[in-house]
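These notes are about the structure you will find just below.
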Amino acid sequence: MTTVSHPAPPAIDAAEELVIESPRKRAWRRLRRRPPAMVALVVVALIVFAAIFAPLIAPYDPTEQSWTSVRQPPSLAHWFGTDENGRDVFSRVLYGTRASLAAGVVSILIAVMFGVPLGLLAGYLGGWTDAVMSRLTDAMLAIPFLILAIALAAFLGPNLTNAMIAIGISATPIFIRLTRGQVLATKSEDYVEAARSVGNPHWRIALRHVLPNVMPPLLVQVTLTIAAAVIAEASLSFLGLGQQPPMPSWGSMLNSAQRFLSNAPWMAIFPGIAIFITVLSFNVLGDGLRDALDPRSK
Amino acid sequence: MFRLIAKRLLQLLPTLFFVSVLIFSLQQLLPGDPALVMAGEEATPEVLAEIRARYHLDQPLPVQYLYWIGGVLTGDLGVSMRLRAPVGELILQKLPITLHLAFMAMFIALLIGIPAGVVSAVKRDSWIDYLVNVIALAGISTPNFWLGIMLILLFAVNLGWLPASGYVSPFVDLQRSLATTILPAIVLGTAIAGVIMRHTRSAMLQAMESDYVRTARAKGLYERVVVWKHAMRNALTPVITLGALEFGVLLSGAVLTEQIFSIPGFGKLIVDAVFNRDYAVVQGVVLITACTYILLNLLADIGYILANPRLRP
């Protein structure tokens, strides 16, 4: 009798392990492998920290005027110098983070709250709903983002809340279009057909089966739109349509800095660097997320 | 071909309708009585009555819309409350200034974006590629009004080479015109250069992996001929289309850039109108911007079809 030697069962290799890895874990693992995205994530976390704990970190009251230290250059007492009213620029930049992040978060909430359900409806129902929604989206997208935001802020009235609403409304069509496109691509998938064939109601299919698959590109878009919203808020505040004095905002700080460029350039340099770092971090994070969530990437 | 263009034109009609409804609806956002908001708190009842009659504010909303769109279709965009001039005339005066700036900015953006994108694609994953990508991302992330302020600080305040503000038409004095517009054009152009670079890079990478490039290489052509003559020619079509669409971004950017450099263009017109509660001007500027964008979109589509024989019916 001959004995047949069977090869030892192969150990579960890395590829098989990946199969059972959840999409969230896989995306996080891929994101961690991208140093620029991880640096950006840390910077974003620091910015959020600065916004929340500004009263504890800021060395001075951002609205406190001091006529004895008007337009002082950067020093140990005032790291970023002082402005035309003797206010500490570092404290104002720190507090300005609040206006920028609030604009980013609130406008995104508005855009997602309206854009995602409308895009879901348009893509899932199709027909007239889709046709009307698509033309409405085209119409909104035909008006450049900032011009629409300026016009809305102008009619609503100049303050930070209205600026955030204006930015949110201006960002909504991007989310309608993105969600619609993803829903169209998803709704003919086998698992959606299967859910439909076992008698699931439309709302359940849309919310339980279609929406989760739309989330990854939405997450990327959210990150990139926060960057755009930060610039938009700074632009509106720069024009006087956002945060009103004496509360600080990076945009309004740049507006007043313009008048003192020749003798107090620090007033313009630091708020600008703050906007640049914030926007760059969200953009790099968005790019990293796009790569990490892309099924084709390794 | 003509059927295709006619079809695209027909598709535009509902979009234009919704654009007009959106812009008309802006007026409904005004808190309280629109006539009172437009005229100010101290307006006399006669002035209020005149405004209500002029804008048909005493009529139902659909009727107000019909009056407004009827005026727009006959070229009447309303009258500026502050400047006491027809909005259409004001826009016609200011638009050439902004277009001059926008064309210069686009030239700068293409001059930087296309070669940078091509080099980045050809030298894929090299340090040049990484450097160009970092610069492009930095360009996209820089708020253009801050860049404008920094350029004024450097070239006008510190070096004294260029004026910090103002505008001179090229038909009046070409040299001074260039001096007053170069900084704003750089500010506007660099914002788009990053986007153009990224699209050029991605289109070039796709083109470099295509069969016709492989064939060109197999024929023994020089690499520079393969890159610049074969790959780039095909890769540029979507980039030029994108360039047309980026004009909308330029018009947006002009609002801030013109404010910083005190250029009396289209962007400054809307900002001044906003602060003077000159709502007819705001609506007019938004309408013309949207129509310009839609028109450019259409031209880009047609251009794309003309440049790409495979898309022709």
Side-chain angles (χ1 to χ4, degrees), chain A residues 36 131-132 134-158 162 165-166 227 230-232 234-236 238-241 250-251 254-255 257-258 261-263 265 267-269 271-284 287, chain B residues 11-23 26-31 37 134 137-138 140-147 149-150 152-153 156-158 164 247-253 255-256 259-260 267 270-271 273-275 277 279 282-283 285-287 289-294 297:
Chain A
V132 171
S134 296
R135 293 295 81 79
L136 189 65
T137 311
D138 285 350
M140 285 182 83
L141 286 172
I143 307 171
F145 183 71
L146 189 62
I147 292 203
L148 182 60
I150 288 172
L152 284 167
F155 280 89
L156 287 167
N162 287 344
I165 295 171
V230 168
I231 290 199
S235 305
L236 290 178
F238 178 78
L239 293 172
L241 292 169
W250 296 336
L254 281 173
N255 188 351
Q258 241 192 315
L261 267 188
S262 53
N263 47 22
M267 281 173 62
I269 292 170
I273 291 175
I275 302 174
F276 173 70
I277 290 174
T278 308
V279 175
L280 183 68
S281 305
F282 277 107
N283 277 335
V284 173
D287 279 0
Chain B
Q11 281 173 344
L12 284 185
L13 290 179
T15 308
L16 284 169
F17 167 71
F18 278 117
V19 164
S20 70
V21 172
L22 276 175
I23 293 169
L26 285 175
Q27 203 173 298
Q28 308 311 315
L29 295 174
L30 284 175
V37 177
V134 168
L137 197 60
I140 293 166
S141 306
T142 307
N144 58 9
F145 57 100
W146 181 59
L147 181 65
I149 294 172
M150 290 297 105
I152 289 175
L153 181 64
V157 177
N158 288 341
F247 246 85
V249 179
L250 284 179
L251 291 177
S252 265
V255 174
L256 292 155
Q259 196 67 15
I260 294 161
I270 190 174
V271 174
V274 163
F275 286 105
R277 295 190 294 188
Y279 297 111
V282 177
Q283 283 178 313
V285 171
V286 178
L287 183 72
T289 311
C291 290
T292 309
Y293 185 78
I294 291 172
N297 217 325

Which atoms of B:Val19 are under 4.5 Å from chain A, going by heavy atoms: the side chain, the backbone, both sets, or neither? both
Could you look at B:Ile260 and say if it's the side chain, the backbone, both or neither that has a heavy atom under 4.5 Å from chain A? both
Counting only heavy atoms closer than 4.5 Å, note whether B:Leu26 contacts chain A via side chain, backbone, both or neither. both
What I'd like to find out is whether the side chain of B:Val286 reaches to under 4.5 Å of the side chain of A:Ile150, using heavy atoms alone. no
Could you check which of A:Gly240, A:Ser281, A:Ala149, A:Ala227 has the highest count of heavy-atom pairs closer than 4.5 Å to chain B? A:Gly240
Got A:Ile147 and B:Tyr293 here, is their nearest side-chain heavy-atom distance under 4.5 Å? no
Quick check: do A:Ile269 and B:Met150 have side-chain heavy atoms less than 4.5 Å from each other? yes
Region of A:Asp287 in contact with chain B, defined by heavy-atom distances below 4.5 Å: side chain
Counting only non-hydrogen atoms closer than 4.5 Å, does A:Val132 touch chain B with its backbone (N, CA, C, O), its side chain (CB onward), both, or neither? both
When heavy-atom pairs shorter than 4.5 Å are enumerated against chain B, which of A:Ser235, A:Pro271, A:Ala153, A:Ala131 gives the highest number? A:Ser235
Interface moiety of A:Phe238 toward chain B, non-hydrogen atoms closer than 4.5 Å: side chain
Atom pair CD1 (B:Ile149) and CG (A:Leu254), whose distance is rounded to the nearest 0.5 Å: 4.5 Å
Straight-line distance of B:Ser141 OG to A:Ile277 CD1, nearest 0.5 Å: 11.0 Å
Could you give the distance from CG (A:Leu280) to CD1 (B:Ile140), rounded to the nearest 0.5 Å? 10.0 Å
Between B:Ile294 and A:Ala142 the two heavy atoms that sit nearest each other are CG1-CB, 3.7 Å
Got a donor-acceptor contact below 3.5 angstrom from the B:Trp146 side chain to the A:Gly251 backbone? no
Does any part of the side chain of A:Ile143, heavy atoms only, come nearer than 4.5 Å to the side chain of B:Ile23, both counted from C-beta? yes
Separation of B:Leu22 CG from A:Leu148 CG (nearest 0.5 Å): 7.5 Å
Rounding to 0.5 Å, atoms CG (B:Asn158) and OG (A:Ser262) come to a distance of 9.0 Å
Part of B:Ala138 lying under 4.5 Å from any heavy atom of chain A: both
Determine, step by step, whether A:Leu146 and B:Leu256 satisfy the side-chain contact (heavy atoms from CB on, under 4.5 Å) criterion, reporting the C-alpha distance in whole Å, the side-chain angles of both residues, the deciding distance to 0.1 Å, and the verdict. CA-CA 10 Å; A:Leu146 189 62; B:Leu256 292 155; 3.4 Å; yes
Shortest non-hydrogen contact between B:Gln11 and A:Arg135, atoms and distance: O-CD, 4.2 Å
Considering all heavy atoms of both residues, which atom of B:Phe145 and which atom of A:Ile275 are nearest to each other, and what is their separation? CZ-CD1, 4.3 Å
Of the non-hydrogen atoms in A:Leu136 and B:Phe18, which two are nearest, and what is the gap between them? CD1-CD2, 3.6 Å
Residue set satisfying ring pair (Phe, Tyr, Trp, His ring centres under 6.0 Å) with B:Tyr279, at least two apart, ordered chain then number -> A:Phe155
In terms of heavy-atom proximity below 4.5 Å to chain B, should A:Ala151 be classed as side chain, backbone, both, or neither? both
Heavy-atom distance under 4.5 Å between the side chains of A:Val279 and B:Pro143, does that happen here? no
How long is the straight-line distance from CZ of B:Phe275 back to CG of A:Leu239, given to the nearest 0.5 Å? 6.0 Å
Against chain B, label A:Phe145 side chain, backbone, both or neither, depending on which of its atoms sit under 4.5 Å from a heavy atom there. backbone
